[in-house]
A.B. asks: 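Encoded as structure tokens, here's the structure I'll be asking about.
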Amino acid sequence: MRRTPRTNEELEEAQSYRRLAIRACRKQYDDKEMFLFEHPRGAKSWEDTELQALMELKDVDVIDLDMCCFGLTSCDGQGEDYVVNLPEW
């Protein structure tokens, strides 16, 4: 189930985790290692300036991918089905 931060405190916590993930990706890049930052397409977090800077680095690609290609499913009140919330990588 999608969990969207509802309070300022939850939003700040989510932003803190995102910044940590971006820094980890940048460290991987600096160490000439691969990294993956997965997030749903259209999420406001793609506008983050640190994430934008990461995406602009040489040899960093952004890829749209439907997770159902990997068999990812989710359950709700209507049953189980493939996840088609297209993330960007």
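Because the structure is predicted, anything quoted here is derived from the model rather than measured. Along the sequence shown, residues are numbered consecutively beginning with 1. All heavy atoms count here, side chains included; hydrogens, waters and symmetry mates do not.
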A.B. asks: How long is the span from the CD atom in E13 to the CZ atom in R18, to the nearest 0.5 Å?
C.D. replies: 12.5 Å
A.B. asks: Looking only at non-hydrogen atoms, find the nearest pair between R23 and E50 and report the distance.
C.D. replies: CG-OE1, 4.4 Å
A.B. asks: How long is the gap from CG on L54 to CG on D48, to the nearest 0.5 Å?
C.D. replies: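 Answer for the CG-CG pair, L54 versus D48, is 10.0 Å.
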A.B. asks: How close do Y29 and K58 get, counting heavy atoms only, and between which atoms?
C.D. replies: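 For Y29 and K58, the tightest heavy-atom pair comes out as OH-O, 3.0 Å.
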A.B. asks: Kindly compute the distance separating CG (L57) from SG (C25), expressed to the nearest 0.5 Å.
C.D. replies: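 One finds 10.5 Å between CG of L57 and SG of C25.
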A.B. asks: CZ/F35 to NZ/K27 distance, rounded to the nearest 0.5 angstrom?
C.D. replies: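 Here the rounded value is 13.5 Å.
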A.B. asks: Does a sphere of radius 6.0 Å around CD in E80 hold more than 12 heavy atoms from other residues, nucleotides or ligands, not counting ones at 6.0 Å or beyond?
C.D. replies: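 Counting other residues, nucleotides and ligands, CD of E80 exceeds 12 neighbours.
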A.B. asks: Is a side-chain N or O of D31 found less than 3.5 angstrom from the main chain of E33, in a donor-acceptor match?
C.D. replies: no
A.B. asks: Does any N or O in the side chain of E12 come within less than 3.5 Å of the main-chain N or O of E9, such that one atom is a donor and the other an acceptor?
C.D. replies: no
A.B. asks: What distance separates I22 CD1 from L51 CG, expressed to the nearest 0.5 Å?
C.D. replies: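 Separation between the atoms: 4.5 Å.
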A.B. asks: Who passes side chain to side chain donor-acceptor pair (under 3.5 Å) against N8, sequence neighbours left out?
C.D. replies: none
A.B. asks: To the nearest 0.5 Å, what is the distance between NZ (K32) and CG (D59)?
C.D. replies: 9.5 Å
